[in-house]
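For this chain, numbers begin at 1 and follow the sequence in order.
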Amino acid sequence: MRRGGQYSQGNNSHLKKRRQQLHWSSDMELLSNAPAHATVPDRYVFPPEKRAAMQLDHDPACKVAFPVIDLHGGRALLSDNGQRRSQVASEIIAAGKEFGFFQVVNHGVGDDAVQEFRAAAAALFALPAEEKLPYCSYDMSKRFRLATSTSYDGGETRYWRDYVKFSCYPASHDNVRSWPSKPVEFAPRLVEYCEAVQELAQTLLGLVAEGLGLDAGFFADEYSSGDTNMSINYYPPCPDPTVTMGLPAHCDRYLLTLLSQADVAGLQARYGGRWLLVCPVPGAFVVNFGHQMEIITNGLLACVEHRAVTNSSAVRMSVATHVQPTDGCLIKPAPELVDEATHPAKYREFLFSEFLEAYDAADAGREDALEPFKTHHD
C-alpha cells in the first residue's frame with residue numbers, strides 16, 4: 001500500500017538494491033565456512049569515522065546500566081493481582097521510557113529449552129558449506145534464508161556476521177516446511193523454544209498494557225499475532241575488532257524483540273548520545289521495543305537504536321525473536337494515550353504492511369522510516 005506515491009523514489013532504489021543482492025547471493029561467502037580468520041579482508045574494513053572504537057563514550061564516570069527486572073516466574077505473575085505485579089509493570093514502563101531496553105530474569109523460559117536450541121542453532125552454522133548452500137539467499141521473500149553481512153549494506157563494506165532469518169511461530173505447515181532438515185534436532189528444539197518465548201512475550205505485553213493503563217489484552221490480538229520472526233546472528237572471532245562492525249545502528253520494525261545473547265558481550269544501545277554495552281546477565285533475555293510500540297504508545301515508550309560490535313576471542317551468537325502485528329493490522333496511537341490538547345497524536349493511521357515498505361526503502365534508518373507517518377504537531 002502506498003499513499004500519493006510517497007515512496008516512489010525510495011522504492012526504485014530499494015528494488016535496484018534488491019536486484020544487486022540477488023546477484024551477490026550466487027557467490028555468497030559465509031564467515032562460518034572458514035575454520036579461522038587470520039586477517040580481516042578489505043571488504044570488511046570500515047573507514048575510521050564509522051568504526052565503533054571511534055564512537056564509544058570512554059568516560060570512566062559513566063555508571064549507567066540497563067535495568068534488570070525480575071518477572072517472578074513469568075506467566076504466573078499475570079494471575080497475581082497484588083502489589084508485586086503492579087510494581088513489575090511500573091518497572092517495565094519506567095525502563096521503556098528512559099532506555100527502551102531492559103533485561104528480564106526469572107522469566108519462566110526453562111534454561112534447558114534455551115541451551116538446547118542455542119546448541120542446535122550453533123550446529124546449523126557448523127554444517128559443511130555444501131549443506132548450507134541451498135539456504136543461502138538475500139531474497140527477503142524466502143521464508144528461511146541464510147546469508148552474511150546484512151540486507152542493508154548496499155554492497156559496500158560488509159558486516160562481520162552470518163545470520164539466518166525465518167518465520168519461527170506458529171509452527172504452521174508453510175513455516176515448518178521451510179526449516180532446514182539438518183541438523184535433525186533444529187526443528188524440535190525450535191518449536192519448544194519458540195512456544196516458551198512466545199508465552200514470555202505475551203506476559204510482557206500484558207504487563208506493558210497494565211502499566212500504561214490499557215486493557216490487559218490490548219496487545220493480544222492483531223498487534224502481536226503476525227508470524228513471529230527470528231534472527232539468529234553468528235559473529236565469529238575477528239582478528240581486528242577495531243576495524244569491523246557486527247551490525248549497523250538500527251531500530252527494529254516490530255512490536256517487541258526478545259534476545260538471548262548468552263555470556264558473550266557485543267550488543268550496544270544508544271543512550272543519552274552515547275553507545276552503552278548491554279552487559280550479559282546469566283539466564284536473562286534482553287527486551288527492546290520496536291517502532292510499532294513507540295507509535296502505538298504515541299511516543300511514550302522508546303524505540304532505541306542499537307548495533308553489534310565484534311571481538312577477537314570468542315564466537316558470539318545471539319537469538320532474536322521478533323513479535324509483530326499482522327500485515328493488515330491498522331497501526332495508530334492508542335486513543336487512551338492521546339489528548340488533543342496536551343498530547344496530540346504524533347503518528348497517522350497506517351497498515352503495518354505500509355510501514356514495512358517504508359522501513360526497507362529507508363534501509364532501516366530510524367528517522368527516515370518514521371517520517372512518512374508523523375503528523376508534525378511539533
Would you call [X] and [Y] a side-chain contact if the rule is heavy atoms closer than 4.5 Å?
X: Thr326; Y: Cys329; value: yes
X: Glu185; Y: Phe117; value: no
X: Val176; Y: Val191; value: no
X: Val45; Y: Thr244; value: no
X: Glu367; Y: Lys374; value: yes
X: Glu210; Y: Leu214; value: no
X: Tyr163; Y: Arg145; value: yes
X: Asn233; Y: Met317; value: no

Partner set under side-chain contact (heavy atoms from CB on, under 4.5 Å) for [X], not counting sequence neighbours:
X: Ala216; result: none
X: Pro248; result: Thr150, Tyr159
X: Gln87; result: Glu91
X: Asp339; result: Ala341, Thr342, His343

Working for ring-ring contact (aromatic ring centres under 6.0 Å, His included), residues Tyr347 and Phe373: CA-CA 5 Å; Tyr347 303 94; Phe373 307 101; 8.3 Å; no
[X] and [Y]: side-chain donor and acceptor closer than 3.5 Å?
X: Thr375; Y: Lys346; answer: no
X: Thr228; Y: His322; answer: no
X: Ser172; Y: Asp174; answer: no
X: Gln261; Y: Arg316; answer: yes

Separation of [Y] [atom2] from [X] [atom1] (nearest 0.5 Å):
X: Cys303; Y: Leu370; atom1: SG; atom2: CG; result: 7.0 Å
X: Gln198; Y: Thr321; atom1: CD; atom2: OG1; result: 8.5 Å
X: Leu146; Y: Phe166; atom1: CG; atom2: CZ; result: 11.0 Å
X: His37; Y: Trp160; atom1: NE2; atom2: CH2; result: 4.5 Å
X: Leu258; Y: Gln103; atom1: CG; atom2: CD; result: 11.5 Å
X: Lys332; Y: Leu351; atom1: NZ; atom2: CG; result: 12.0 Å

More than 12 heavy atoms from other groups under 6.0 Å of CD on Glu130: yes
Where the side chain of [X] meets the backbone of [Y], is there a donor-acceptor pair that is under 3.5 Å apart?
X: Asn311; Y: Ala314; value: yes
X: Arg161; Y: Pro236; value: no
X: Lys132; Y: Phe125; value: yes
X: His107; Y: Gly283; value: yes
X: Asp70; Y: Val104; value: no
X: Gln324; Y: Asp227; value: yes
X: Arg158; Y: Ser149; value: no
X: Tyr138; Y: Thr148; value: yes
X: Ser224; Y: Phe219; value: yes
X: Arg189; Y: Arg118; value: no

N-O pairing of Glu156 and Lys50 below 4.0 Å: no
Carboxylate-amine/guanidinium proximity below 4.0 Å for Arg43 and Glu29: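 Yes, this pair counts.
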If two hydrophobic side chains count as joined below 4.5 Å and joins carry through other members, does [X] share a cluster with [Y]?
X: Leu71; Y: Val287; value: yes
X: Leu190; Y: Val164; value: yes
X: Met293; Y: Leu356; value: yes
X: Val243; Y: Phe46; value: no
X: Leu259; Y: Leu277; value: no

Phe355 and His291 aromatic ring geometry - parallel, tilted or perpendicular at 30°/60° bounds: tilted
Parallel, tilted or perpendicular, as decided by the 30° and 60° cut-offs, for the rings of Tyr193 and Phe285: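 Taking Tyr193 first and then Phe285, their aromatic rings sit tilted (interplane angle of 30° to 60°).
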Using every non-hydrogen atom in the two residues, find where [X] and [Y] come nearest and quote the distance to one decimal.
X: Thr297; Y: Leu301; result: OG1-N, 3.2 Å
X: Cys136; Y: Leu30; result: SG-CD1, 3.9 Å
X: Val304; Y: Cys251; result: C-SG, 3.6 Å
X: Pro180; Y: Tyr135; result: CA-OH, 3.2 Å
X: Ile296; Y: Leu337; result: O-CD1, 4.0 Å
X: Asp221; Y: Ser225; result: O-OG, 2.8 Å

With sequence neighbours excluded, residues passing side-chain hydrogen bond (donor to acceptor under 3.5 Å, both in side chains) with Asn229: Ser167
CA sep, side-chain torsions, deciding dist, call: Leu31, Tyr235, side chain to side chain contact (heavy atoms under 4.5 Å, CB included): CA-CA 8 Å; Leu31 290 165; Tyr235 307 95; over 6 Å; no
Side chain to side chain contact (heavy atoms under 4.5 Å, CB included) assessment of Arg177 paired with His173: CA-CA 6 Å; Arg177 69 179 182 178; His173 174 71; 3.8 Å; yes
Candidates Tyr271, Phe66, Phe101 - the one meeting ring pair (Phe, Tyr, Trp, His ring centres under 6.0 Å) with His306: Phe101
Listed partners of Glu131 passing salt bridge (charged side-chain N to carboxylate O under 4.0 Å, His left out), at least two apart: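 With neighbours one apart ignored, the set is Lys182.
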Verdict with reasoning, Glu116 to Glu192, per side chain to side chain contact (heavy atoms under 4.5 Å, CB included): CA-CA 9 Å; Glu116 288 174 4; Glu192 181 183 5; 4.0 Å; yes
